[in-house]
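What follows is a short report on a single structure.
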Amino acid sequence: LALLLVAVGLFLGGRLSWVFFPSPESTSVNANVRFVAGTSDVTTNRFLEHLETTLQETIAELDEEGVVEAWYVRHRALGGRLSRIRGDRVGNVYVELSGPDERDISTKAFVQRWREKVRVPAGVESFTLAGRRTGGSSTDLEIRLVGQGAAQMKKASLALQESLNGLPGVSSVDDDL
């Protein structure tokens, strides 16, 4: 009984934590951008070039070689779970990192360094920059909205995104509608 009380005390006191599904370190990063309707492909391309430039700057500032194995830029398509969204106003930069045992920087720290350099222009409806998650959910927080019409769902999604984006420390808020 005493051992059980000690175990419960350690858990409740925060000395012993529990993670349901620990996520292994990711080796891939996606930067997805979606501009407002009517945006020209020139504007989209210009921002994709900016993303690639800031990626190269981030790589150059690292103290180690071989962190990034490859990357590619896709215009008119998004990456990850949003890959079915296409058009002139969307684009993606996919980055493949070396294995977690082969580099000193974590995926999260790499994404944070890259994000600090990115300047999101006016007209961007959605911008996400995040490492791919495995195990459990593919995101830190996933909210599922249920309703009748697509227009009503999109309106609710946009309102929720606006509220979440106003919270400190929240980034890469997106929907798949």
Side-chain angles (χ1 to χ4, degrees), residues 14 17-35 39 41 43-87 89-143 157 160-176:
S17 63
W18 179 69
V19 178
F20 189 65
F21 280 117
S23 294
E25 183 76 13
S26 175
T27 59
S28 60
V29 175
N30 266 306
N32 287 315
V33 63
R34 182 173 53 219
F35 283 87
T39 300
D41 61 342
T43 301
T44 306
N45 278 335
R46 193 175 307 127
F47 184 62
L48 290 173
E49 288 169 4
H50 169 69
L51 287 176
E52 190 171 19
T53 300
T54 55
L55 170 63
Q56 291 170 335
E57 290 171 1
T58 303
I59 295 167
E61 289 177 3
L62 295 176
D63 292 337
E64 58 183 307
E65 294 288 322
V67 171
V68 174
E69 294 190 355
W71 75 83
Y72 63 84
V73 179
R74 292 189 317 172
H75 183 189
R76 297 185 180 91
L78 294 180
R81 65 185 180 86
L82 303 171
S83 60
R84 72 181 194 285
I85 300 174
R86 303 196 179 281
R89 66 188 186 112
V90 299
N92 164 262
V93 177
Y94 174 83
V95 180
E96 186 66 32
L97 302 175
S98 58
D101 297 336
E102 301 168 15
R103 55 186 156 92
D104 294 331
I105 190 169
S106 70
T107 303
K108 184 176 181 178
F110 178 83
V111 167
Q112 185 175 353
R113 281 190 180 185
W114 185 13
R115 185 187 314 272
E116 288 170 357
K117 295 176 183 359
V118 174
R119 299 294 170 247
V120 180
V124 170
E125 183 177 273
S126 170
F127 174 67
T128 60
L129 176 56
R132 183 170 167 256
R133 298 280 306 259
T134 57
S137 175
S138 62
T139 60
D140 288 330
L141 176 64
E142 198 168 286
I143 300 172
S157 171
L160 180 60
Q161 287 179 60
E162 187 176 328
S163 296
L164 291 173
N165 280 323
L167 297 173
V170 174
S171 64
S172 297
V173 177
D174 201 8
D175 69 21
D176 59 359

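Atom set for the values below is all heavy atoms of this structure, side chains included, hydrogens, waters and symmetry mates excluded.
The side chain to side chain contact (heavy atoms under 4.5 Å, CB included) search around Glu116 returns Gln112, not counting sequence neighbours. Partners of Lys117 under the side chain to side chain contact (heavy atoms under 4.5 Å, CB included) rule, at least two apart in sequence or in another chain, are Thr54, Glu57, Thr58, Glu61. Listed by chain and number, the residues in a side chain to side chain donor-acceptor pair (under 3.5 Å) with Thr107 are Glu25, Arg103 (sequence neighbours excluded). Among residues two or more places apart in sequence or in another chain, the salt bridge (charged side-chain N to carboxylate O under 4.0 Å, His left out) test is passed with Glu125 by Arg34, Arg89. Residues meeting the ring pair (Phe, Tyr, Trp, His ring centres under 6.0 Å) test with Tyr94, sequence neighbours left out: Tyr72. Listed by chain and residue number, Trp71 satisfy the side chain to side chain donor-acceptor pair (under 3.5 Å) test with Glu52 (two or more places apart in sequence, or in another chain). With sequence neighbours excluded, no residue forms a side chain to side chain contact (heavy atoms under 4.5 Å, CB included) with Glu49.
The side-chain heavy atoms of Thr128 and Asn30, taken from C-beta on, include no pair separated by under 4.5 Å. Between Val67 and Ile59 there is no side-chain heavy-atom pair separated by less than 4.5 Å. Here the side chains of Val118 and Leu51 are in contact, with some heavy-atom distance below 4.5 Å.
In plain terms, the two heavy atoms of Glu102 and Ser98 that are nearest each other are OE1-CB, 3.6 Å. Closest heavy-atom contact between Phe127 and Ala31: CE1-CB, 4.4 Å. Taking all atoms of both residues into account, the shortest heavy-atom contact from Gly99 to Glu69 is N-OE2, 4.4 Å. Taking each heavy atom of Ser106 and Ala109 in turn, the nearest pair found is OG-N, 3.0 Å.
Within 6.0 Å of atom CD in Glu64, more than 12 heavy atoms from other residues, nucleotides or ligands are found, so the atom counts as buried in its surroundings.
Separating the CG atom in Leu48 from the CG atom in Leu55 is a distance of 12.0 Å, to the nearest 0.5 Å. If you take CG on Leu97 and OG1 on Thr27, they are separated by 7.0 Å, rounding to the nearest 0.5 Å. The CZ atom of Arg46 lies 10.5 Å from the CG atom of Asp41; values are rounded to the nearest 0.5 Å. Considering OG1 of Thr39 and CZ of Phe47, their distance stands at 12.0 Å, rounded to 0.5 Å. Rounded to the nearest 0.5 Å, atoms CG (Asp104) and CZ (Phe110) are 14.0 Å apart.
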